[in-house]
Q: 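Shown below is the structure under consideration.
Only this structure's heavy atoms are used, side chains among them; waters, hydrogens and symmetry mates stay out.
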Amino acid sequence: PKKAAIFRPRRRFSPSGAVLESAPMPEEAAPPLLNLTNQFLVAMPGMSDPHFARSVVYICEHSDKGALGLVVNKPAPVTLAELLEQLGLPLRNAAQSERPIYQGGPVQTERGFVLHEPMRAAELPADEAAYASTLIVPGGLEMTVSRDVLEAVALGGGPRRLMVLLGYASWEGGQLE
């Protein structure tokens, strides 16, 4: 990882003690950014924010620009069969019909996310996913936001281990550190 240099002003003085100029002077490099990708955040008992009280959040992406996570322990009052029916995708696998949908977070609650086991098509390179809009979480799962994964599940295919979530949580750079 590239180390960032921190600069503090450097002053040059004349023999009489007057400041001649100020220029940046490199200091010791900053410690590397804490990366919470593929980690869980567990709310402390005293957390009073209604969106995150008693929440467990899986961090899908974390960088110096910000973070994106999914709340994985708050079921919504809808099942997979009901959601797929609303999307015009009848569920052919009855065993999946009562699978709960989860409230993934307070941002864009009308948007769906599928958190699932890695799905690699044999003809794809190792760093490419089987579905159209998929974030491969390094060392972890995959998060897909495209309809094709839901179509596969409705037809009885797709990932066997999955969570469907509505909404997400996000933080600006530095908020989680």
Q: Is there a chain of hydrophobic side chains (I, L, V, M, F, W, Y, each step under 4.5 Å between heavy atoms) that links L68 to V149?
A: no
Q: Does atom CD of E172 have more than 12 heavy-atom neighbours from other groups under 6.0 Å away?
A: no
Q: For a quick test of reading the model, state the closest non-hydrogen atom pair linking T79 to E82 and the distance between them.
A: N-OE1, 2.8 Å
Q: Per the side chain to side chain contact (heavy atoms under 4.5 Å, CB included) rule, which among I101, V71, L115 passes with L165?
A: L115
Q: Are any side-chain N or O atoms of S55 and backbone N or O atoms of V57, one a donor and one an acceptor, separated by less than 3.5 Å?
A: no
Q: To check you understand the geometry: which heavy-atom pair defines the closest contact between P50 and K74, and what is its length?
A: O-NZ, 3.6 Å
Q: For side-chain contact (heavy atoms from CB on, under 4.5 Å), just list the numbers for L41 and V56, CA-CA rounded to whole Å, side-chain angles, deciding distance to a tenth of an Å, and then say yes or no.
A: CA-CA 6 Å; L41 297 182; V56 176; over 6 Å; no
Q: Is the backbone of S133 close enough, under 3.5 Å, to the side chain of S146 for a donor and an acceptor to pair up by distance?
A: yes
Q: Is there a path of hydrophobic side-chain contacts, each under 4.5 Å between heavy atoms of I, L, V, M, F, W or Y residues, that connects L176 with F40?
A: no
Q: Is there side-chain contact between V72 and M163, with heavy atoms separated by less than 4.5 Å?
A: yes
Q: Output every pair passing ring pair (Phe, Tyr, Trp, His ring centres under 6.0 Å) with a member in residues 141-172, not counting sequence neighbours, ordered by first then second residue.
A: F52-W171, F113-Y168
Q: For the atom pair CD1 (I59) and CG (N35), what is the distance rounded to the nearest 0.5 Å?
A: 10.0 Å
Q: Locate the shortest heavy-atom distance separating L91 from V153; write the atom from each residue and the value.
A: CD1-O, 3.8 Å
Q: Grouping I, L, V, M, F, W and Y whenever their side-chain heavy atoms are under 4.5 Å apart, do V164 and Y102 come out in a common cluster?
A: no
Q: Checking side chain to side chain contact (heavy atoms under 4.5 Å, CB included) between Y131 and each of V145, V114, T144, which is the one that passes?
A: T144
Q: Has the side chain of Q86 got a donor or acceptor atom that lies under 3.5 Å from a matching backbone atom of L83?
A: no
Q: More than 12 heavy atoms of other residues, nucleotides or ligands under 6.0 Å from CD of Q96: is that the case?
A: yes
Q: Same cluster or not: are L162 and L166 linked, directly or through other Ile, Leu, Val, Met, Phe, Trp or Tyr residues, by side-chain heavy atoms under 4.5 angstrom apart?
A: yes
Q: Are L150 and L89 close enough that some pair of their side-chain heavy atoms sits under 4.5 Å apart?
A: yes
Q: Restricting to side-chain hydrogen bond (donor to acceptor under 3.5 Å, both in side chains), what partner residues turn up for N38, sequence neighbours left out?
A: Y58
Q: Work out which heavy atom in A132 is nearest to a heavy atom in D148; give both atom names and the distance.
A: N-OD2, 2.8 Å
Q: Could you pull out the closest heavy-atom pair between Q103 and P77, with the gap in Å?
A: NE2-CD, 4.3 Å
Q: Quick check: is L70 connected to V78 through a chain of hydrophobic side chains (ILVMFWY, heavy atoms under 4.5 Å apart)?
A: no
Q: Could you tell me if the side chain of S97 sits less than 4.5 Å from the side chain of L80, heavy atoms only?
A: no
Q: Considering all heavy atoms of both residues, which atom of H62 and which atom of A67 are nearest to each other, and what is their separation?
A: CD2-CB, 3.6 Å
Q: Applying salt bridge (charged side-chain N to carboxylate O under 4.0 Å, His left out) as the test, list every pair that has at least one member in residues 151-165; sequence neighbours left out.
A: E117-R161, R147-E151
